[in-house]
Asker: 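Okay, handing you the structure first.
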Amino acid sequence: MGAAAAAAVLGLLLLAAAGGAAADEAREAAAVRALLVRLLGPGPAAAFSVSVKRALAAESGLDTYRLSGGGAGTRVLVLGSTGVAAAAGLHRYLRDFCGCHVAWSGSQLRLPEPLPAVPQVLTEATPNRYRYYQNVCTHSYSFVWWDWARWERELDWMALNGINLALAWSGQEAIWQRVYLALGLTQSEIDEYFTGPAFLAWGRMGNLHTWGGPLPHSWHLKQLYLQHRILDRMRSFGMIPVLPAFSGHVPKALTRVFPQINITQLGSWGHFNCSYSCSFLLAPEDPLFPIIGSLFMRELIQEFGTNHIYGADTFNEMQPPSSEPSYLASATASVYQAMITVDSDAVWLLQGWLFQHQPQFWGPAQVRAVLEAVPRGRLLVLDLFAESQPVYIQTASFQGQPFIWCMLHNFGGNHGLFGALEAVNRGPAAARLFPNSTMLGTGMAPEGIGQNEVVYALMAELGWRKDPVADLEAWVSSFAARRYGVAHRDTEAAWRLLLRSVYNCSGEACSGHNRSPLVRRPSLQMVTTVWYNRSDVFEAWRLLLTAAPTLASSPTFRYDLLDITRQAAQELVSLYYVEARSAYLRKELVPLLRAAGVLVYELLPALDKVLASDSRFLLGRWLEQARAAAVSEAEAHLYEQNSRYQLTLWGPEGNILDYANKQLAGLVADYYTPRWRLFMEMLVESLVQGIPFQQHQFDKNAFQLEQTFIFGTQRYPSQPDGDTVDLAKKLFIKYYPRMVAGSLWTD
């Protein structure tokens, strides 16, 4: 079967699943109208007419919207081939005709009166069958503590941004619990197996078990409730939810019930020992494999229904027990067979991260074995990190299997201005034009959300474009005007500087993982080089502050001002660290004391104070959300510990230390600052006593500080304190002149 035929097979399957009845059209139109009321309020929403007609799509499966009307006394008419298409059309009107902006950090929705007319009927069809969203890890790094109100806002954001394919993995542990009990496991064995809520993503992919657990009974009940509401809303928009499937990982306790079972214990993951990793993988030929897989699928579909797409990852960052192509093909085929035993229309959504993450293992023969073990058109691969390290090029477009070009962008939910906008802009079109391309869509697959919104605005727009944005400078200037509700010379200049600096990373080394010294355990070997000119960040900071008298009332402006102030402070930490390290290596005590004093006693406290002025940068808010998910104090304590661990040590021994670092008020004051204070004190002590700096001893002492934070019970504010503009200005007045003068000591 050729590549085009494979894509067609998948398209036909999913079109059949989507349905086209008039009742579906009516339901989707009603869902978008309800979204409109939530977004604008009932009065402004009445100026729009929303309808859904499948026949609008000239080519089946390619979402299409049509805009018309508007002007004095005339309603704006929004027609979509699906609910998602209609929502995307509504967003296009609000964005391009009204200058509005919808984002995680807040929306700018000042509508002109009367609503502008669409000068001529505008019809837009996407070149991409799918616009995918989420990463398995997003559920742990960002979604873990969400209630329905927060999920509802996210689902609205997804619809407005044209997302029509997304993971829906909440509540699966409750289904697995039923399956394991039916297989003869005890409740205590199940409780010992599941990870805690903040680490479920890695339990689901077979990387971890037990760590951070157990999962309380109330957790299962709440997640089942949420999953039902999430699925109902997704389907009402016409989105396709991706449900989980059995990947082959099983609890060790299964060997008690079935002593003859054929399982292999895999190697450790993430520097965890086998108390928490080294998962057990059921052999593909074991007769229990299809039984477990079909039991789970039947229970899952009975509870949630299905749209026939399922996700499973058997070897995510886990080396298979054999590199023999025959084994890899058998392991892959067994997962797929378990799906189609229950759902003959099943399509497997596979994260392609494994091929990129371990290229030394996944040679051409191994990749081919996996891709050819599933009938073409029944495997849909996510090229997860395509903006930096695309896999489709090395695999001849995944050997003819359909794939989605994804932007990963963020690791661990880190803060830090970062993007590879040029690569993102050009990547999807290049993949579509690749010889014999089987690309079926675009995707956003960040590990964590709520950061660098300009990157996601561009990626969402590219889901509806056949060609790249011709002029990114003009595009980013328009983005700034929409975001703040007014065109302003200084803000547009600031964003152009950011475009050419922090958002202009290029090459395979680009990774949205913040490795700034600020958020890492200090040493004398820390890397401080960046891919951009720091002076561009400081100048953009100045330009935004210059615009503050005009734009200070804009919530999105205040958020961006804080974010760039945070970034400037991050750059300053690197510079003062270099100054302190250089003084130490030169054996000059006074300059060391001076740099250490500024960093520990002035800069970091000032950063913490600025962060405290915005609720989105509060540790207290993060921990409060975790505690709010509990129904008892014991649960609240467990959930808070899960959160504190994920932000810092990640594992009991700092196994993936600071991977999920955040810059939050409270975390800077009580985690990063004490660690930096200890480092500087030990450098001074080393210099005074004339002995080498003992990194190993520092690491041991720092670990004690890190544990003190994790096991602490201090309650942190969940409401902001202070004025962002005033606090940013104070920091700017103190440090910006030093940057201009080229000296950290100019007052």
Side-chain angles (χ1 to χ4, degrees), residues 11 14-40 42 44-69 75-95 102 122-134 148 151-168 227-243 304-309 441-444 460-461 463-464:
L14 299 186
L15 281 172
D24 293 333
E25 296 173 345
R27 184 188 187 202
E28 290 171 23
V32 178
R33 285 193 287 270
L35 180 161
L36 189 56
V37 171
R38 287 192 297 274
L39 188 68
L40 302 178
F48 293 82
S49 172
V50 178
S51 53
V52 172
K53 296 293 180 187
R54 295 283 188 268
L56 178 63
E59 183 177 342
S60 294
L62 295 185
D63 280 353
T64 306
Y65 58 77
R66 178 173 294 161
L67 302 175
S68 60
R75 300 172 84 189
V76 177
L77 306 180
V78 181
L79 175 64
S81 59
T82 63
V84 166
L90 169 64
H91 188 213
R92 169 77 178 275
Y93 177 81
L94 293 173
R95 184 189 72 204
V102 179
L122 172 62
T123 302
E124 191 78 57
T126 175
N128 305 297
R129 191 176 299 272
Y130 303 112
R131 280 88 52 208
Y132 170 79
Y133 177 53
Q134 293 179 27
W148 169 244
W151 265 112
E152 184 172 52
R153 292 199 303 275
E154 191 71 8
L155 292 163
D156 285 352
W157 179 91
M158 290 162 59
L160 290 164
N161 282 284
I163 304 300
N164 67 347
L165 182 67
L167 300 183
Q227 176 76 339
H228 277 289
R229 296 204 69 171
I230 290 164
L231 288 171
D232 181 69
R233 184 59 55 82
M234 288 180 73
R235 289 165 177 157
S236 75
F237 283 136
M239 292 178 190
I240 301 169
V242 179
L243 296 176
F304 298 130
T306 186
N307 292 73
H308 310 293
I309 304 189
T442 57
M444 297 183 279
E461 189 172 324
W464 290 85

Asker: So, for Leu160 and Ala87, which heavy atoms are closest and what is the spacing to 0.1 Å?
Answerer: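 Between these two residues, the closest heavy atoms are CD2-O, 3.7 Å.
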Asker: Please list, chain by chain and in numerical order, all residues satisfying salt bridge (charged side-chain N to carboxylate O under 4.0 Å, His left out) with Glu461, sequence neighbours excluded.
Answerer: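 For Glu461, the residues satisfying salt bridge (charged side-chain N to carboxylate O under 4.0 Å, His left out) (neighbours in sequence not counted) are Arg95, Arg465.
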Asker: Check Arg235 against Pro241 and note the closest heavy-atom contact, atom names and distance.
Answerer: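 In this case the closest contact between Arg235 and Pro241 is NE-CG, 3.9 Å.
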Asker: Mind checking side chain to side chain donor-acceptor pair (under 3.5 Å) for Thr306 and listing every partner two or more places apart, or none if nothing turns up?
Answerer: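 Result, side chain to side chain donor-acceptor pair (under 3.5 Å) vs Thr306: Tyr310.
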Asker: If I take atom CE from residue Met239 and atom OG1 from residue Thr82, how far apart are they, to the nearest 0.5 angstrom?
Answerer: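 Here the rounded value is 9.5 Å.
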Asker: Could I get the full list of side chain to side chain contact (heavy atoms under 4.5 Å, CB included) partners for Ala57, not counting sequence neighbours?
Answerer: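 By the side chain to side chain contact (heavy atoms under 4.5 Å, CB included) rule, Ala57 matches Thr64, Ser81.
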Asker: Is the ring pair Trp157/Tyr133 parallel, tilted or perpendicular, if the boundaries are 30 and 60 degrees?
Answerer: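 Answer is tilted, since the angle falls between 30° and 60°.
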Asker: Can you tell me how far apart CG (Asn164) and CD1 (Ile240) are? Round to the nearest 0.5 Å.
Answerer: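 Answer rounded to 0.5 Å: 5.5 Å.
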Asker: Under the rule for side chain to side chain donor-acceptor pair (under 3.5 Å), what residues qualify as partners of Glu59, not counting sequence neighbours?
Answerer: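 Counting only residues at least two positions away or on another chain, Glu59 forms no side chain to side chain donor-acceptor pair (under 3.5 Å).
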Asker: Please identify each residue that fulfils salt bridge (charged side-chain N to carboxylate O under 4.0 Å, His left out) with Arg92, with sequence neighbours left out.
Answerer: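 Applying salt bridge (charged side-chain N to carboxylate O under 4.0 Å, His left out) to Arg92 gives Asp96, Glu124.
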Asker: Which residues satisfy the ring pair (Phe, Tyr, Trp, His ring centres under 6.0 Å) test with Phe237, sequence neighbours excluded?
Answerer: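 Listed in chain order: nothing, the list is empty.
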Asker: I need the single residue from Asp63, Thr442, Asn161 that forms a side-chain hydrogen bond (donor to acceptor under 3.5 Å, both in side chains) with Arg131. Which is it?
Answerer: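 Exactly one option meets the side-chain hydrogen bond (donor to acceptor under 3.5 Å, both in side chains) with Arg131, and it is Asp63.
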Asker: Any chance you could measure Ile230, atom CD1, to Trp151, atom CH2, to the nearest 0.5 Å?
Answerer: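 Ile230 atom CD1 to Trp151 atom CH2 measures 4.5 Å (nearest 0.5 Å).
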Asker: Hey, what do you get for CE (Met234) to CD1 (Ile163), rounding to the nearest 0.5 Å?
Answerer: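 That separation rounds to 9.5 Å.
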Asker: So Asp232 and Arg27, salt bridge (charged side-chain N to carboxylate O under 4.0 Å, His left out) or not? Walk me through it.
Answerer: CA-CA 11 Å; Asp232 181 69; Arg27 184 188 187 202; 2.7 Å; yes
Asker: Is there a donor-acceptor contact under 3.5 Å from the side chain of Glu25 to the main chain of Arg54?
Answerer: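 Yes, Glu25 side chain to Arg54 backbone: donor-acceptor pair under 3.5 Å.
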Asker: Apply side chain to side chain contact (heavy atoms under 4.5 Å, CB included) to Pro127 and list each qualifying residue two or more places apart in sequence or on a separate chain.
Answerer: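 Per chain and number, Pro127 pairs via side chain to side chain contact (heavy atoms under 4.5 Å, CB included) with Arg432, Lys466.
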Asker: Once you round to the nearest 0.5 Å, how far does CD of Gln134 lie from CG of Leu167?
Answerer: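 Gln134 atom CD to Leu167 atom CG measures 5.0 Å (nearest 0.5 Å).
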Asker: Among residues at least two apart in sequence or on other chains, which ones pass side chain to side chain donor-acceptor pair (under 3.5 Å) with Thr123?
Answerer: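 With sequence neighbours excluded, Thr123 shows a side chain to side chain donor-acceptor pair (under 3.5 Å) to Arg66, given in chain and number order.
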Asker: Considering residues at least two apart in sequence or located in another chain, which fulfil the side chain to side chain contact (heavy atoms under 4.5 Å, CB included) criterion with Ala34?
Answerer: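 Ala34: side chain to side chain contact (heavy atoms under 4.5 Å, CB included) contacts with Arg38.
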Asker: Please assess Gln227 against Phe304 for the test side chain to side chain contact (heavy atoms under 4.5 Å, CB included), listing each intermediate value before the final yes or no.
Answerer: CA-CA 8 Å; Gln227 176 76 339; Phe304 298 130; 3.3 Å; yes
Asker: With sequence neighbours left out, what residues match Arg233 under salt bridge (charged side-chain N to carboxylate O under 4.0 Å, His left out)?
Answerer: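 For Arg233 the salt bridge (charged side-chain N to carboxylate O under 4.0 Å, His left out) partners, ignoring immediate neighbours, are Glu152.
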Asker: How many angstroms lie between CG in Asn307 and CG in Leu243, if you round to the nearest 0.5 Å?
Answerer: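 The distance works out to 7.0 Å.
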Asker: Please report the shortest heavy-atom distance between Val52 and Ala86, naming the atom on each side.
Answerer: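 Shortest heavy-atom separation between Val52 and Ala86 comes out as CG2-CB, 4.3 Å.
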Asker: Ignoring hydrogens and geometry, is there a side-chain-to-backbone donor-acceptor pair from Ser49 to Val76 under 3.5 Å?
Answerer: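 Such a contact is absent between Ser49 side chain and Val76 backbone.
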Asker: Should Leu94 and Leu39 be marked as a side chain to side chain contact (heavy atoms under 4.5 Å, CB included) after you check the CA-CA gap, both sets of side-chain angles, and the distance that decides it?
Answerer: CA-CA 11 Å; Leu94 293 173; Leu39 188 68; 3.7 Å; yes
Asker: So, using side chain to side chain donor-acceptor pair (under 3.5 Å) as the criterion, who are the partners of Arg33 when residues are at least two apart?
Answerer: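 Once residues adjacent in sequence are excluded, Arg33 has no partner under the side chain to side chain donor-acceptor pair (under 3.5 Å) criterion.
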Asker: For Arg153 and Trp148, what are the C-alpha separation, side-chain angles and deciding distance, and is it a side chain to side chain contact (heavy atoms under 4.5 Å, CB included)?
Answerer: CA-CA 9 Å; Arg153 292 199 303 275; Trp148 169 244; over 6 Å; no
Asker: Side chain to side chain contact (heavy atoms under 4.5 Å, CB included) between Leu90 and Tyr65: does it pass, once the steps are laid out?
Answerer: CA-CA 9 Å; Leu90 169 64; Tyr65 58 77; over 6 Å; no
Asker: Any side-chain heavy-atom pair from Leu40 and Phe48 closer than 4.5 angstrom?
Answerer: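 They are in side-chain contact.
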Asker: The criterion is salt bridge (charged side-chain N to carboxylate O under 4.0 Å, His left out); which residues satisfy it with Arg229, sequence neighbours excluded?
Answerer: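 Partners of Arg229 by the salt bridge (charged side-chain N to carboxylate O under 4.0 Å, His left out) criterion come out as none, since no residue qualifies.
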